[in-house]
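Step one of this worksheet: look at the structure below.
What you see is a predicted model; the values in this text were computed from it and never measured. FYI, side chains are in, hydrogens and waters are out, and symmetry mates aren't considered; it's all heavy atoms of this structure.
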Amino acid sequence: MIKGGINIANNHAIWIEDLLNEVNKNPTAENIKLIESCGKSCAMHQNQIEGINELKKSASDCKTRTDYIEFFNNTFPFEVVEDKDGIILSLGKDECSCPIAHDIKNPALCYCTQGHEKAIWSEFFGKEVEVELIETILRGGNDCIIKIFI
């Protein structure tokens, strides 16, 4: 959208890039939490929480972590493996799936993804979970690999 000779969409991208660059320079827990909250909001605005609740209903027979692993591997097009204190999702991506990462290729954007995954999986498991991004495309990896501590 052009308003008064200014391309607003371009200005938003520049603003977001500047914000993420500042987080990269100063990745304090507070700054990371701020960007994570954007990911949580993204999950809600895109109705992904509703979708995860449907998935949760489908997994209602799962009782153990092993049951969940089997369910996920039969449901998702990516690999899910058990770890001693959680599960690991290897998404098999060759590019970042975040919708704004095509325009903003900033590694701090991964904190947004971390918040997004926390929101989704906390809803799924019915309790707060922690998430670690083991590998990401924007941070120079070959895939997005996410660990969910449950």
Side-chain angles (χ1 to χ4, degrees), residues 1 9-10 12-24 27-150:
M1 170 191 269
N10 188 45
H12 288 163
I14 292 168
W15 181 85
I16 291 169
E17 186 76 38
D18 289 345
L19 174 68
L20 295 174
N21 284 335
E22 289 303 314
V23 171
N24 282 330
T28 64
E30 185 176 281
N31 287 344
I32 291 168
K33 192 96 168 146
L34 177 66
I35 303 302
E36 282 183 350
S37 71
C38 294
K40 179 180 179 181
S41 294
C42 180
M44 287 191 261
H45 292 303
Q46 293 183 0
N47 295 324
Q48 292 174 336
I49 300 300
E50 185 177 304
I52 206 74
N53 281 322
E54 289 300 315
L55 184 68
K56 186 177 181 176
K57 287 178 191 173
S58 297
S60 63
D61 290 340
C62 296
K63 304 296 181 222
T64 66
R65 191 180 309 164
T66 303
D67 293 342
Y68 283 114
I69 301 294
E70 183 178 349
F71 171 78
F72 293 148
N73 281 316
N74 289 326
T75 304
F76 296 135
F78 51 81
E79 181 184 18
V80 181
V81 296
E82 189 168 4
D83 196 48
K84 66 180 184 251
D85 51 359
I87 60 174
I88 297 176
L89 315 172
S90 296
L91 302 184
K93 302 282 187 179
D94 56 0
E95 64 180 47
C96 185
S97 58
C98 173
I100 68 171
H102 299 288
D103 297 319
I104 301 170
K105 298 186 182 328
N106 190 307
L109 196 54
C110 296
Y111 296 126
C112 184
T113 298
Q114 190 165 295
H116 180 272
E117 296 299 315
K118 280 183 184 182
I120 287 175
W121 294 109
S122 292
E123 184 69 28
F124 181 85
F125 288 109
K127 65 179 185 176
E128 286 295 314
V129 300
E130 287 301 315
V131 170
E132 175 187 352
L133 299 177
I134 297 171
E135 182 177 331
T136 71
I137 304 293
L138 290 178
R139 292 178 180 165
N142 296 316
D143 191 4
C144 283
I145 302 174
I146 301 166
K147 181 172 181 177
I148 303 160
F149 294 87
I150 52 174

Checking side-chain contact (heavy atoms from CB on, under 4.5 Å) for the pair Ile150/Phe124: CA distance, chi angles, key distance, verdict? CA-CA 11 Å; Ile150 52 174; Phe124 181 85; over 6 Å; no

Walk me through whether Glu17 and Asp103 qualify under side-chain contact (heavy atoms from CB on, under 4.5 Å). CA-CA 10 Å; Glu17 186 76 38; Asp103 297 319; over 6 Å; no

Starting from the C-alpha separation in whole Å, work towards a yes-or-no answer on ring pair (Phe, Tyr, Trp, His ring centres under 6.0 Å) for Trp121 and Phe72. CA-CA 12 Å; Trp121 294 109; Phe72 293 148; 5.4 Å; yes

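Across Glu128, Glu130, Glu132, a single residue satisfies salt bridge (Lys or Arg N to Asp or Glu O under 4.0 Å) together with Lys118, and that is Glu130. Phe71 pairs with exactly one of Asn74, Asp67, Thr75, Asn73 by the side chain to side chain contact (heavy atoms under 4.5 Å, CB included) rule, that one being Thr75.
Looking only at distances, no side-chain donor or acceptor of Glu95 sits under 3.5 Å from a matching main-chain atom of Ile137. Counting only distance, with no hydrogens or angles, the side chain of Asn31 and the backbone of Val23 share no donor-acceptor pair below 3.5 Å. No donor-acceptor pair closer than 3.5 Å links the side chain of Asp143 to the backbone N or O of Ile145. Counting only distance, with no hydrogens or angles, the side chain of Lys93 and the backbone of Ser90 share no donor-acceptor pair below 3.5 Å.
Salt-bridge annotation for Lys57 and Glu54: present, with a side-chain N of the basic residue lying under 4.0 Å from a carboxylate O of the acidic one.
The structure places OG1 of Thr66 at 7.0 Å from CD1 of Ile69, a figure rounded to the nearest 0.5 Å. Between the CG atom of Asn106 and the SG atom of Cys96 there is a distance of 11.0 Å, given to the nearest 0.5 Å. To the nearest 0.5 Å, the span separating CG on Asn24 from OH on Tyr111 amounts to 7.0 Å. Between the CG atom of Leu109 and the OG1 atom of Thr136 there is a distance of 9.5 Å, given to the nearest 0.5 Å. Expressed to the nearest 0.5 Å, how far OG1 of Thr113 lies from CD of Glu36 amounts to 10.5 Å.
When the shell of 6.0 Å around CD of Glu82 is examined, it contains more than 12 heavy atoms from other residues, nucleotides or ligands. Applying the 6.0 Å contact sphere to NZ of Lys105 captures more than 12 heavy atoms from other residues, nucleotides or ligands.
Judged purely by distance below 3.5 Å, without hydrogens or angles, the side chains of Glu123 and Asn53 pair a donor atom with an acceptor atom.
Annotation: side chain of Leu133 is in contact with side chain of Arg139 (closest heavy-atom distance under 4.5 Å).
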